Chemist: 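Here's a structure for you.
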2 protein chains.
Amino acid sequence: MVRPDSRSRILAAATPMFARRGLNGVSVRSLASAAKVNLSMISYHFGGKEGLYAEILKKQFEGFRYIDDIAKRDLPPMEKCEMYLRGTIRRYRENPYLLRYYVSELTNPTPCFKTIVRPTVQRVLKVLRATIDKGISRGRLRKTLSPADGTLALAGMINFYFLVAPAARGFVDDHPGRDEELVNHFMDILRGGIVA
Amino acid sequence: MVRPDSRSRILAAATPMFARRGLNGVSVRSLASAAKVNLSMISYHFGGKEGLYAEILKKQFEGFRYIDDIAKRDLPPMEKCEMYLRGTIRRYRENPYLLRYYVSELTNPTPCFKTIVRPTVQRVLKVLRATIDKGISRGRLRKTLSPADGTLALAGMINFYFLVAPAARGFVDDHPGRDEELVNHFMDILRGGIVA
DNA sequence: GTCTATATTGCGATAGAC
DNA sequence: GTCTATCGCAATATAGAC
């Protein structure tokens with residue numbers, strides 16, 4: 001096991017720090033000290049703090065690629081919804097920082113918002129909407145369903161679940177072991193609502 | 001129309017600035033210049049930048065008080081859900097900054113998170129959950145519904161709608177004129193899901 | 001690639017005159 | 001309450017030795 005080079009060490013140390021405190025909440029000094037590199041290394045490798053942030057954000061957003069699998073497949077709409085729920089849960093379990101970068105960019109956008117964040121969000125929404133559109137036209141989903149609002153409801157329930165988790169301690173006992181249950185609960189709501 | 005005093009001017013100028021750029025993204029100098037006050041006024045009135053932020057956050061979070069109206073009333077669960085949706089929409093329309101403070105605290109918590117944010121979130125979730133619990137025990141909601149996950153699904157769809165709005169330009173044409181439609185679409189999903 | 005040393009600017013906060 | 005002036009320190013970034 002060789003010691004990772006300084007570039008990798010910077011990326012590894014910076015990823016959780018930016019996630020927790022945002023671009024403006026982290027100084028190059030604290031980055032360098034956490035990564036155990038000289039502070040000039042950040043400029044050397046990434047051209048400055050913002051360059052480092054942009055590189056990390058770009059890498060984080062590759063976690064959204066699973067949406068393309070959903071787009072390609074020809075499956076009934078409810079199965080695609082389930083794929084989306086499972087893919088989203090998996091994405092956040094595998095990478096606990098992605099949601100923070102994502103939401104942080106939505107509320108306090110950096111220059112990366114236009115180049116990386118918005119195009120990705122639009123892509124995800126577009127795929128989900130196409131699924132719903134097709135489901136309606138094929139008679140699988142009810143024809144009074146609004147494709148746009150339905151998409152946002154679907155994306156909202158699962159994303160908000162992870163977003164609010166840190167403030168919901170004691171409300172849900174969130175852990176990977178209940179993911180299957182979570183998918184089933186949300187799918188039940190999509191299938192038949194909440195009414196008896 | 002008299003000129004507001006310096007304290008009010010600081011609050012008025014700082015509210016949108018913290019909302020857009022976060023606590024760490026705003027300097028006292030930029031605050032003072034936007035509010036057209038001397039920079040020493042921030043320490044004088046609020047004891048520093050963090051004190052100012054805390055005061056604004058506290059005031060913003062008063063926007064969640066409508067949840068107590070819902071808690072007090074004795075209404076069928078679906079009517080309470082509709083009250084919650086309408087109240088949430090109204091809250092974000094009346095105060096376009098609240099969601100940013102809210103979500104920003106969830107992803108990049110400041111010292112206010114423990115004192116203000118988490119207690120408020122817990123309060124909202126508790127009220128919604130109590131509504132669902134009662135709805136189930138009275139046979140109005142289906143007995144297989146998970147109260148916790150149902151709560152998060154409900155809160156998620158409407159909160160995410162506003163959260164993602166800046167990145168969803170062109171996807172939904174969001175404006176107050178369609179709020180009634182939005183409530184109806186979400187209520188339809190809660191009533192019967194999305195399946196035909 | 002990695003370091004030291006430093007340039008330069010900006011930061012938050014406050015002392016003290018008025 | 002409001003101002004000027006300034007303190008002390010942190011910020012990002014880079015020049016230049018090795």
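Numbers restart at 1 for each chain; the letters A, B, ... are given by sequence-line order, proteins then strands. Worth knowing before you read on, the calculation uses all heavy atoms, side chains too, and leaves out hydrogens, waters and symmetry mates. Keep in mind that what you see is a predicted model, and the values were worked out from it rather than measured.
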Chemist: Can you confirm if the aromatic rings of Phe160(B) and Phe160(A) lie within a centre distance of less than 6.0 Å?
Modeler: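 Ring centroids of Phe160(A) and Phe160(B) are no less than 6.0 Å from each other.
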Chemist: Between the protein and nucleotides 5-11 of chain C, list the N/O to N/O atom pairs that are separated by less than 3.5 angstrom.
Modeler:
residue, atom, partner, partner atom, Å
dC11(C), OP1, Ser27(B), OG, 3.1

Chemist: Between atom NE2 in His45(A) and atom C1' in dT14(D), what is the gap in whole Å?
Modeler: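 From His45(A) NE2 to dT14(D) C1': 15 Å.
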Chemist: Measure CG/Leu31(B) against C1'/dA13(C) and give the value in whole Å, please.
Modeler: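 From Leu31(B) CG to dA13(C) C1': 14 Å.
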Chemist: If you measure from the Lys or Arg side-chain nitrogens to the Asp or Glu carboxylate oxygens, is any gap between Asp68(A) and Arg123(A) under 4.0 Å?
Modeler: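 Result for this pair is yes, salt bridge flagged.
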Chemist: Ignoring backbone atoms, test whether Ser43(B) places a side-chain nitrogen or oxygen under 4.0 Å from the OP1 or OP2 oxygen of dG12(C).
Modeler: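 So the side-chain polar atoms of Ser43(B) never come under 4.0 Å of the phosphate oxygens OP1 or OP2 of dG12(C).
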Chemist: What is the distance from NZ of Lys36(B) to P of dC3(D), rounded to the nearest Å?
Modeler: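 Going from NZ in Lys36(B) over to P in dC3(D) covers 13 Å.
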Chemist: Is there a donor-acceptor contact under 3.5 Å linking the side chains of Thr88(B) and Asn159(B)?
Modeler: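 No, Asn159(B) and Thr88(B) have no side-chain donor paired with an acceptor closer than 3.5 Å.
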Chemist: What is the separation between atom CD1 on Ile10(B) and atom P on dG12(C), rounded to the nearest whole Å?
Modeler: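 Between P of dG12(C) and CD1 of Ile10(B): 14 Å.
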Chemist: Tell me: CD1 of Ile42(A) to C1' of dT14(D), nearest whole Å?
Modeler: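 Going from Ile42(A) (CD1) to dT14(D) (C1'), I get 14 Å.
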Chemist: Salt-bridge test for Arg7(B) and Glu55(B): reply yes if a basic N is under 4.0 Å from a carboxylate O, no otherwise.
Modeler: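 Salt bridge flag = yes for Glu55(B) with Arg7(B).
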Chemist: Distance-only, no hydrogens or angles: does the Asp5(B) side chain make a donor-acceptor pair with backbone N or O of Ser8(B) under 3.5 Å?
Modeler: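 Yes: the side chain of Asp5(B) pairs with the backbone of Ser8(B).
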Chemist: Whole-Å distance between dT2(C) C1' and Arg7(A) CZ?
Modeler: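 Those two atoms, CZ and C1', are 16 Å apart.
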Chemist: Separation of Arg9(B) atom CZ from dC3(D) atom P, in whole Å?
Modeler: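 From Arg9(B) CZ to dC3(D) P: 8 Å.
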Chemist: Does this structure show an ion pair linking Arg178(B) with Asp173(B), if we count only N-O contacts that are shorter than 4.0 Å?
Modeler: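 A salt bridge is absent here (no side-chain N lies under 4.0 Å from a carboxylate O).
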Chemist: Within this structure, what is the OH-to-C1' distance between Tyr44(B) and dC3(D), rounded to whole angstrom?
Modeler: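 So the two atoms are 13 Å apart, to the nearest Å.
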